[in-house]
Amino acid sequence: MRTFTTTLGGEPVQVDAPEPGTFDPEWFRLVFPSGGLYGLDVESTYMDALAQWSPDFGLRLIQFAAEDTAVVLTLSDPDQLLAARALLADVTVSFASHGNMDVLSTAVVLGVDITSRNIDTLNLARMAFTAKADKRDLKDLTTRLIGPELEAADAALLAHFWDLWPGRRNAKRSDVERHGWSAVSTDEPRYLVYAGLDAVAARALVDILIPLTGAPPALLEVEAWLAGRANRIQILGMLVDTDRLTALEAEAQEATSRAEARILELTGGVKARSPKLQDWLADHGVNWDCWEGALTEGGKPSLAKDNVALLWDFELDAAGSEVVSELAAFRGHQDLLVKTKGVRDHLASDGRVHPVLAPNGATTTARMSSSGPNFQNFSKRDPRMRGVFVPEPGHVFVTIDFDQVELRVVAGRAREPKMIDTILAGGDLHQLTVDELAAAGIEIDRDTGKMANFLIVYGGGGKALHEQAGIPLEDAYAIVRAHRDRYEQISAWSQYLALERQAVRTISNRRLPVTLDKHGNPRVYANVNYDTQSGARELLVHAWLYLDLVCGLGELVWYPIHDELVLQVPEADVDAVVAQAETAMRFDFLGVPISASAIVLVDEHGDSRWMTSKLAEKIAAANGVAA
DNA sequence: TGCCCTTGCGCG
DNA sequence: AAAGCGCGCAAGGGCA
């Protein structure tokens, strides 16, 4: 046994690393008996973009920690591997680890699923430290909340990686690390001590972070459950129709590179996405002083997709007009290119992508976020990209959306009787706004009423309405004023929330930070938006939890998209699941009925894909394919 | 070369 | 008095 004595936060810590061939499983289970909560960490070979799903990915060490003791197991020793698997598989044992790298690794590499028995200290840290600037990696948190020893151990290990680097000393840090994580000896004391301290820190952080979250136990329990579900979704991943992906990729690639090449040629070296393109256009007929299109945040004319057509209003020379048409072609395929490449870059050898679903990835609202690829922003206007994703064999996609959930959250939180009555009566909230403004002597159409309603949710004002609705500024201000007058309870609610200059508390007593503008003043007008977005997020999680605990169908959730659950349902069960899922997503919220409706996703050939049959028909018609 | 900012674009 | 919110991703380009 190699035993190292060190400290963390000044307290003594013992790190034991059994030598291969001498491992005593009985001793191991005496250190980690059933029923405990243990720190968990793994050390791997260097991770590339596909991480756990890369054929090159391997685990080298796995570490478990009780309060002041860590045991570092070497996984190349069959006895230690067996003991690690057995402890992980003990359903009475829970684990604490930072981020989901350890949980995913144990599932994918060791074949043991601990997703429902893990506490993620990164999630706790996100709830405890809500400012965007806060660092939340294990090393920083440990230094800040416990002591500097882990950071020192990390620095010592990195210094050792430079010793292991065979080439010149002035190599890139990333290359040295890549090499080091795979090359360092499992006998190296600096490696073993660092590894052991990681696990001890994760265990210690649970007790330190929980009070700092300021969250009630019920919320913490739901969040732990959700993190487990999110990890399961990532582990399973999504099946990709690679033929479709390849075809779309080719189309996007061909269209964009042709346009790009032609623009480069015509402009003598200016790229399609270069900020210099505005200058070039100025020399070929565009007078930016007369520009009526949108401006960028930096105040320059925007060449975004919807603005390109406005360039035709100028007297362009021959080269200028050709560049404008090529730019339109480029913008028309830019999203498809980005999204196809994104899926391709994350496509693992199992024919799937494994996106990260971060349970509270949005810093200021705790909404879920998605990456690798992001499943929350695939186009609906051109749904072909969504159609690349197909269900497991024998399954069908079903999507269930909340109806206008954010407005209903506002109505319930504000106790706004006009809105609540309209919802109860099955009426239309946007028409209600039209009628209310008419009563105040202002005539608007339903689209404007809808925009005005969403400005409330988003904390916007007259200027935004003026720009979005294309109505005179004075009219827009009048609409906003009348909206405030007619919805007294919503006005009172936003004024009440605007008193909070530090943080707001959501319906489940989650603390959300008030954000600051560039002058450091609190943007209190955004507080209603934060409460609403976060509230809607909690309602979706509530429905998912109900679906899991009451219906036993939590596993069917393929992906959550803010106000929508996409389910993957065995063909034979579709009708029953639709009924149960609608039950889960229909409930009372503060006297406001929350409703939802399901759509079964089947394409024009009767196959299920992640697109609606209506959209599939439209595309089929456009392509001349019989539906 | 890596890092950071800006721009553009999709979703809710 | 007025203030549109939250994400992820890729590319260009300035800077050290």
Side-chain angles (χ1 to χ4, degrees), chain A residues 132 170-175 256 260 270-278 294-308 327 330-343 345-346 355-358 360-383 385-386 401-402 404-406 451-469 473 476-477 480-481 484 494 498 512 515 517-519 521-534 536-537 540 559-564:
Chain A
K132 276 206 172 94
N170 61 349
K172 278 193 298 184
R173 186 192 162 114
S174 58
D175 288 340
T256 52
E260 214 161 20
V270 181
K271 295 182 177 178
R273 298 182 63 170
S274 169
K276 291 173 184 160
L277 196 58
Q278 276 97 333
L295 301 179
T296 67
E297 207 180 323
K300 293 190 297 183
S302 164
L303 288 184
K305 187 158 72 176
D306 292 342
N307 300 328
V308 173
L327 185 60
F330 179 82
R331 289 276 191 249
H333 285 85
Q334 182 180 316
D335 180 64
L336 194 64
L337 182 71
V338 167
K339 297 295 159 60
T340 50
K341 279 176 78 174
V343 172
D345 289 346
H346 290 96
V356 179
L357 175 61
N360 47 18
T363 322
T364 42
T365 61
R367 289 222 291 193
M368 291 176 260
S369 74
S370 170
S371 62
N374 181 0
F375 267 73
Q376 295 172 332
N377 73 346
F378 282 110
S379 176
K380 290 187 91 167
R381 193 160 64 172
D382 176 0
M385 196 58 223
R386 291 186 176 214
D401 285 57
F402 279 140
Q404 298 180 310
V405 69
E406 292 195 335
M451 282 184 225
N453 280 344
F454 280 109
L455 284 182
I456 306 308
V457 172
Y458 292 141
K463 201 175 90 188
L465 183 60
H466 150 73
E467 279 165 10
Q468 197 182 351
L473 195 54
Y477 281 131
V480 170
R481 249 194 326 269
R484 286 186 190 144
S494 35
L512 302 178
T515 52
D517 66 16
K518 59 187 171 192
H519 305 112
N521 301 314
R523 298 152 79 227
V524 291
Y525 63 87
N527 289 0
V528 169
N529 175 250
Y530 296 159
D531 183 87
T532 308
Q533 274 200 18
S534 200
R537 179 270 194 199
L540 190 77
Y559 221 75
I561 308 175
H562 301 307
D563 65 348
E564 170 189 8

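Quick caveat: nothing in here was measured; it's all calculated off a predicted structure. Quick note on labels: first sequence line is chain A, next is B, and so on, each numbered from 1.
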[N] [atom2] sits how many Å from [X] [atom1], rounded?
{"X": "A:Asn529", "N": "C:dC7", "atom1": "CG", "atom2": "P", "answer": "10 Å"}
{"X": "A:Leu540", "N": "C:dG6", "atom1": "CG", "atom2": "C1'", "answer": "15 Å"}
{"X": "A:Glu467", "N": "C:dC5", "atom1": "CD", "atom2": "P", "answer": "12 Å"}
{"X": "A:Leu473", "N": "C:dA2", "atom1": "CG", "atom2": "P", "answer": "10 Å"}
{"X": "A:Leu465", "N": "C:dA3", "atom1": "CG", "atom2": "P", "answer": "11 Å"}
{"X": "A:Gln468", "N": "C:dC5", "atom1": "CD", "atom2": "C1'", "answer": "12 Å"}
{"X": "A:Gln376", "N": "C:dC9", "atom1": "CD", "atom2": "C1'", "answer": "13 Å"}
{"X": "A:Lys339", "N": "C:dG8", "atom1": "NZ", "atom2": "P", "answer": "13 Å"}

Next item on the list: Work out which heavy atom in A:Ser379 is nearest to a heavy atom in A:Asp335; give both atom names and the distance.
Entry: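 In this case the closest contact between A:Ser379 and A:Asp335 is CB-OD2, 3.9 Å.
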Next item on the list: Only counting residues at least two apart or in another chain, list the ones meeting side-chain contact (heavy atoms from CB on, under 4.5 Å) with A:Val270.
Entry: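 If we apply the side-chain contact (heavy atoms from CB on, under 4.5 Å) test to A:Val270, skipping adjacent residues, the hits are A:Thr267, A:Ser274, A:Lys276, A:Leu277.
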Item checked: Partners meeting side-chain contact (heavy atoms from CB on, under 4.5 Å) with A:Asp306 (sequence neighbours left out) -> none
Note to self: Quick check for you: to the nearest 0.5 Å, what is the distance between A:Leu336 atom CG and A:Phe378 atom CZ?
What the structure shows: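 The CG atom of A:Leu336 sits 10.5 Å away from the CZ atom of A:Phe378.
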Check: Please, what dot-bracket string fits DNA chain C when only Watson-Crick and G-U pairs with both distances under 3.5 Å count, crossing ones use [ ] and pairs to another strand use |?
Finding: ....||||||||||||
[X] near the nucleic acid: base, sugar-phosphate alone, or nothing, with a heavy-atom cut-off under 4.0 Å?
{"X": "A:Arg331", "answer": "sugar-phosphate"}
{"X": "A:Thr532", "answer": "nothing"}
{"X": "A:Phe330", "answer": "nothing"}
{"X": "A:Phe454", "answer": "nothing"}

Item checked: Which nucleotide in C:dG6, C:dC7, C:dC9 has an atom nearest any side-chain atom of A:Ser371 -> C:dC9
Checklist line | Qualifying residues under side-chain hydrogen bond (donor to acceptor under 3.5 Å, both in side chains), relative to A:Asp531, sequence neighbours excluded | finding: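 A:Arg413.
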Check: Can you give one letter per nucleotide of nucleotides 10-16 of chain C, 5' to 3': B if a protein heavy atom sits under 4.0 Å from the base, S if only from the sugar-phosphate, - if neither?
Finding: BSSS---
Notebook entry, point to check: First and last nucleotide of DNA chain B in contact with chain A, 5' to 3', at under 4.0 Å to a heavy atom: what are they?
Noted result: B:dT1 to B:dG12
